[in-house]
Amino acid sequence: MKSPQQAIFDAVYAASLRLGYATYDYLPARDAAYPFVFVGEQFDQDMQTKTNLYGRVQQTIHLYHSYRKRGELTSMMDAIKIELRRLKRAEGFSLVCRNISARTLIDDSTTEALVHGIIEVEFQFN
């Protein structure tokens, strides 16, 4: 059986793929085509009782697109947020989406100006 953290990561990753987005579990090489999604950092807090494991997981999702395609990036972010709210189960664990926050940044770390969307979602599991 997977850990709840891995199950949630896999569910988030699969949600992005279902939407048809190029999705990675690592930051791809600089020559990767835009747009793409990178399911990144994860923080978790869990508690074990005599009979059950429960807790919270915060998952960060990064989206990158060309600077001139900001509208497409924000549409992608909205679609992902909708899918995240729909997640109710992950590998035998019940999920509740507790909170989603998002921000959009300008990324000038490459020769091409990019727009970088960041979604942070908190799930409660049991």
Side-chain angles (χ1 to χ4, degrees):
M1 178 178 209
K2 289 183 185 178
S3 71
Q5 294 81 11
Q6 186 62 49
I8 290 169
F9 179 94
D10 291 348
V12 170
Y13 190 91
S16 179
L17 287 176
R18 276 193 306 276
L19 291 168
Y21 303 141
T23 305
Y24 300 90
D25 58 357
Y26 58 90
L27 197 55
R30 291 191 185 273
D31 61 348
Y34 297 106
F36 66 82
V37 175
F38 161 45
V39 181
E41 303 82 6
Q42 188 180 72
F43 304 93
D44 57 88
Q45 307 82 40
D46 55 58
M47 301 278 298
Q48 177 76 49
T49 65
K50 289 181 182 179
T51 60
N52 201 9
L53 179 64
Y54 66 95
R56 292 189 172 155
V57 169
Q58 295 84 30
Q59 181 69 59
T60 304
I61 302 128
H62 300 269
L63 297 88
Y64 291 87
H65 208 332
S66 300
Y67 180 76
R68 297 187 186 273
K69 304 286 186 159
R70 183 184 184 117
E72 287 180 24
L73 179 100
T74 57
S75 293
M76 289 173 67
M77 290 174 72
D78 287 340
I80 288 174
K81 289 191 291 184
I82 289 167
E83 287 301 306
L84 294 173
R85 288 184 182 101
R86 289 181 179 161
L87 293 176
K88 302 298 181 201
R89 300 210 45 87
E91 299 278 336
F93 295 96
S94 296
L95 299 180
V96 175
C97 180
R98 288 288 179 202
N99 185 33
I100 297 179
S101 60
R103 58 189 162 149
T104 305
L105 309 168
I106 304 304
D107 184 334
D108 60 359
S109 65
T110 66
T111 56
E112 179 183 358
L114 303 174
V115 62
H116 177 186
I118 302 170
I119 299 171
E120 295 173 316
V121 58
E122 180 179 33
F123 291 102
Q124 185 173 332
F125 67 88
N126 62 13

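Note that this is a predicted model, so its numbers are computed, not measured.
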Participant: Is K81 atom NZ crowded by more than 12 heavy atoms from other residues, nucleotides or ligands, each under 6.0 Å away?
Facilitator: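 Check passes, neighbour count above 12.
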Participant: Side-chain heavy atoms nearer than 4.5 Å, only ILVMFWY residues, links allowed to pass through others: does that put L87 and L19 together?
Facilitator: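 Same cluster.
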Participant: Any chance you could lay out the side chain to side chain donor-acceptor pair (under 3.5 Å) test for E41 and Q58, step after step, and finish with the verdict?
Facilitator: CA-CA 8 Å; E41 303 82 6; Q58 295 84 30; over 6 Å; no
Participant: Nearest 0.5 Å, what's the CG-CD1 distance between L84 and I8?
Facilitator: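 Output value for this atom pair is 11.0 Å.
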Participant: Please examine the side chains of T110 and E112, heavy atoms only from C-beta on, and report whether any two atoms are closer than 4.5 Å.
Facilitator: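 Answer yes - side chains close enough.
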Participant: State the OH-CZ distance between Y34 and R68, to the nearest 0.5 angstrom.
Facilitator: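 The OH atom of Y34 sits 15.5 Å away from the CZ atom of R68.
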Participant: Tell me whether Q42 contacts the main-chain N or O of Q5 through its side chain, where contact means a donor paired with an acceptor under 3.5 Å.
Facilitator: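 A pair under 3.5 Å: yes.
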Participant: Parallel, tilted or perpendicular, judged at 30° and 60°: which one describes the rings of Y24 and Y26?
Facilitator: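 Perpendicular: the ring planes of Y24 and Y26 meet at over 60°.
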Participant: Measuring from K88:NZ to L95:CG, what's the distance to the nearest 0.5 Å?
Facilitator: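 Reported to 0.5 Å precision, the distance equals 9.0 Å.
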Participant: If you compare all heavy atoms of F123 against all heavy atoms of V12, which two are closest, and at what distance to 0.1 Å?
Facilitator: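 Distance-wise, the nearest heavy atoms are CE1-CG2, 3.9 Å.
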Participant: Looking at every non-hydrogen atom in both residues, tell me the closest pair between Q59 and G40 and how far apart they are.
Facilitator: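 In this case the closest contact between Q59 and G40 is NE2-O, 3.0 Å.
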Participant: For the hydrophobic clusters of this structure (ILVMFWY residues joined by side-chain heavy atoms under 4.5 Å, transitively), does one cluster hold both V57 and V39?
Facilitator: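 Hydrophobic grouping puts V57 with V39.
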Participant: With a 6.0 Å cut-off (strictly less than), is the heavy-atom count around CZ of F36, excluding the residue itself, greater than 12?
Facilitator: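 Enclosed.
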Participant: Search all heavy atoms of R30 against all heavy atoms of S109 and return the closest pair with its distance.
Facilitator: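 What the structure gives for the nearest pair is NH1-O, 3.3 Å.
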Participant: Can L27 be reached from I80 by stepping across I, L, V, M, F, W or Y side chains whose heavy atoms are under 4.5 Å apart?
Facilitator: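 I80 and L27: separate clusters.
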Participant: Rounded to the nearest 0.5 Å, what separates atom NE2 in H65 from atom OG1 in T104?
Facilitator: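 If I round to the nearest 0.5 Å, the distance is 12.5 Å.
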Participant: Provide the closest heavy-atom pair for L53 versus M47 in the form atom of the first, atom of the second, distance.
Facilitator: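 Taking L53 first and M47 second, the nearest heavy atoms are CD1-O, 3.3 Å.
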Participant: Find the distance between CZ (R103) and NE2 (H116) and round it off to the nearest 0.5 Å.
Facilitator: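 The CZ atom of R103 sits 8.0 Å away from the NE2 atom of H116.
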Participant: Write down the atom of F93, the atom of S3, and the distance for their closest heavy-atom approach.
Facilitator: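 In terms of heavy atoms, the two residues are closest at CE1-C, 4.1 Å.
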Participant: Do F9 and L17 sit in the same hydrophobic cluster, where Ile, Leu, Val, Met, Phe, Trp and Tyr count as joined when their side-chain heavy atoms come under 4.5 Å apart?
Facilitator: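 Yes.
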Participant: Does a side-chain heavy-atom distance below 4.5 Å link Q6 with D10?
Facilitator: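 Yes - at least one pair of side-chain heavy atoms lies under 4.5 Å apart.
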Participant: So if you build clusters from Ile, Leu, Val, Met, Phe, Trp, Tyr with side-chain heavy-atom gaps below 4.5 Å, do Y13 and V37 land together?
Facilitator: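 They do share one cluster, since a chain of ILVMFWY contacts under 4.5 Å joins Y13 to V37.
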Participant: If you look at every heavy atom in A79 and Y21, which pair is closest and at what distance?
Facilitator: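 Answer, listing the atom of A79 first, then Y21: CB-OH, 3.6 Å.
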Participant: Using a 4.5 Å cut-off on heavy atoms from C-beta on, say whether the side chain of L63 contacts that of P35.
Facilitator: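 P35 does not reach L63 side chain to side chain.
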Participant: Measure the spacing between CZ of F125 and CG of N52 and express it to the nearest 0.5 Å.
Facilitator: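 Here the rounded value is 9.0 Å.
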